[in-house]
Amino acid sequence: SDLSRSISTIKSQEEVSPSFYSTAATSANVSNTTTTTTTTTTTTSLDSLSSRYQSRASTICRHLVRLHSYVQDEFYRIVLGVSALKVTLEAMDAFPHHEFVQATCNLTLGGLCQRNLMNGLTLVKSGGVVSILNSIKLFPDSSHVCSMAVNCLALATSTTELCVLYLKQMKDGRKTIGAIPDSMLSFEAPKNKDLILKRIESATL
């Protein structure tokens with residue numbers, strides 16, 4: 001798929017995160033011995049890296065939105081299934097600092113897990129629950145990321161009890177979800193958050 005090819009291209013190169021841009025730019029600015037020419041070259045290079053990073057992230061988002069539209073159909077949830085889920089998790093790992101990649105991945109993972117036991121089990125076994133919770137921790141003030149994460153986990157926990165048990169035994173699973181303010185969540189997400197917490201509370205290990 002286009003998404004899989006994009007991920008392969010990204011992973012063949014060294015990923016540069018926004019924090020790296022900031023650190024490198026600061027180092028260049030505070031160095032009194034750096035010439036104007038070198039500083040200009042460094043800034044241009046960093047701008048170029050940032051531009052490529054954003055461009056690839058935008059491409060991934062477009063592919064994920066397309067994938068999500070397909071997996072609304074049960075047939076495609078089965079056909080694309082596990083491979084699509086794993087590629088989506090790769091996208092989360094490749095762009096941990098990109099808000100909309102994280103939000104769109106959460107959206108797509110939820111679509112893949114909707115009424116599909118195999119995908120729900122694969123999400124848990126592939127570390128997807130951890131990735132979803134990490135997206136909340138990385139973007140605690142993002143309504144997009146938090147709402148999509150909660151909705152995804154609501155679908156996953158309704159599909160398989162294993163997801164509920166995994167969240168219950170996690171050190172900070174319930175705490176991370178419970179800490180999201182309802183005011184941060186949109187549409188059905190506040191209701192889904194309460195539903196997840198009730199499922200975790202009533203689960204027996």
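Throughout, residue positions are numbered sequentially from 1 according to the sequence presented. From a predicted model like this one, the values you see are computed outputs, not experimental measurements. When reading the values below, keep in mind they use all heavy atoms of this one structure, side chains included, and skip hydrogens, waters and symmetry mates.
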Does the side chain of [Y] come within less than 4.5 Å of [X]'s, by heavy atoms?
X      : Y      : answer
Pro96  : Asn134 : no
Met170 : Val129 : yes
Arg62  : Ser58  : yes
His144 : Glu99  : yes
Pro190 : Asp194 : no
Phe187 : Asn151 : no
Leu155 : Leu109 : no
Leu64  : His68  : no

So which heavy atom on [X] is nearest to which on [Y], and how close?
X      : Y      : value
Thr204 : Leu165 : O-CD2, 3.4 Å
Gly110 : Cys152 : N-SG, 3.4 Å
Asn106 : Ser135 : ND2-OG, 3.1 Å
Ala91  : Val101 : O-CG1, 3.8 Å
Gly173 : Leu133 : CA-CD1, 3.9 Å

What distance do [X] atom [atom1] and [Y] atom [atom2] have between them, rounded to the nearest 0.5 Å?
X      : Y      : atom1 : atom2 : result
His98  : Arg56  : NE2   : CZ    : 12.5 Å
Asp182 : Lys191 : CG    : NZ    : 13.5 Å
Leu89  : Leu123 : CG    : CG    : 6.5 Å
Glu90  : Ser126 : CD    : OG    : 10.0 Å

* Looking only at side chains, do Ser186 and Ser147 share a donor and an acceptor under 3.5 Å apart? -> yes

* Asn116 versus Thr159, side-chain donor and acceptor atoms under 3.5 Å -> no

Within the distance-only criterion (no hydrogens, no angle test), does the side chain of [X] pair as donor or acceptor with the backbone N or O of [Y] below 3.5 angstrom?
X      : Y      : answer
Thr160 : Leu162 : yes
Arg115 : Ser158 : no
Asn119 : Leu112 : yes
Lys193 : Ile180 : yes
Gln102 : Met92  : yes
Glu161 : Thr157 : no
Arg77  : Cys113 : no
Thr59  : Ser55  : yes
Ser142 : Phe139 : no

* To do: Any chance you could lay out the side-chain contact (heavy atoms from CB on, under 4.5 Å) test for Lys137 and Asp172, step after step, and finish with the verdict?
  => CA-CA 11 Å; Lys137 295 174 187 176; Asp172 59 351; 2.4 Å; yes

Hydrophobic cluster membership, [X] vs [Y], 4.5 Å side-chain cutoff:
X      : Y      : result
Leu117 : Leu153 : yes
Ile132 : Val124 : yes
Val79  : Tyr70  : yes
Leu107 : Leu67  : no
Met148 : Met184 : no

* Ring centroid separation Phe95 to Tyr53 under 6.0 Å -> yes

* Considering only NZ, NE, NH1 and NH2 on the basic side and carboxylate oxygens on the acidic side, decide whether Arg174 and Glu201 come within less than 4.0 Å. => yes

* To do: Please lay out, stage by stage, how Ser131 and Asp93 fare under the test side-chain contact (heavy atoms from CB on, under 4.5 Å).
  => CA-CA 8 Å; Ser131 295; Asp93 290 340; 4.1 Å; yes

* To do: I would like to know whether Ile196 and Val164 meet side-chain contact (heavy atoms from CB on, under 4.5 Å); could you show each step before the answer?
  => CA-CA 8 Å; Ile196 296 167; Val164 181; over 6 Å; no

* Give a yes or no on whether Lys86 atom NZ has more than 12 heavy-atom contacts from other residues, nucleotides or ligands under 6.0 Å away. => no

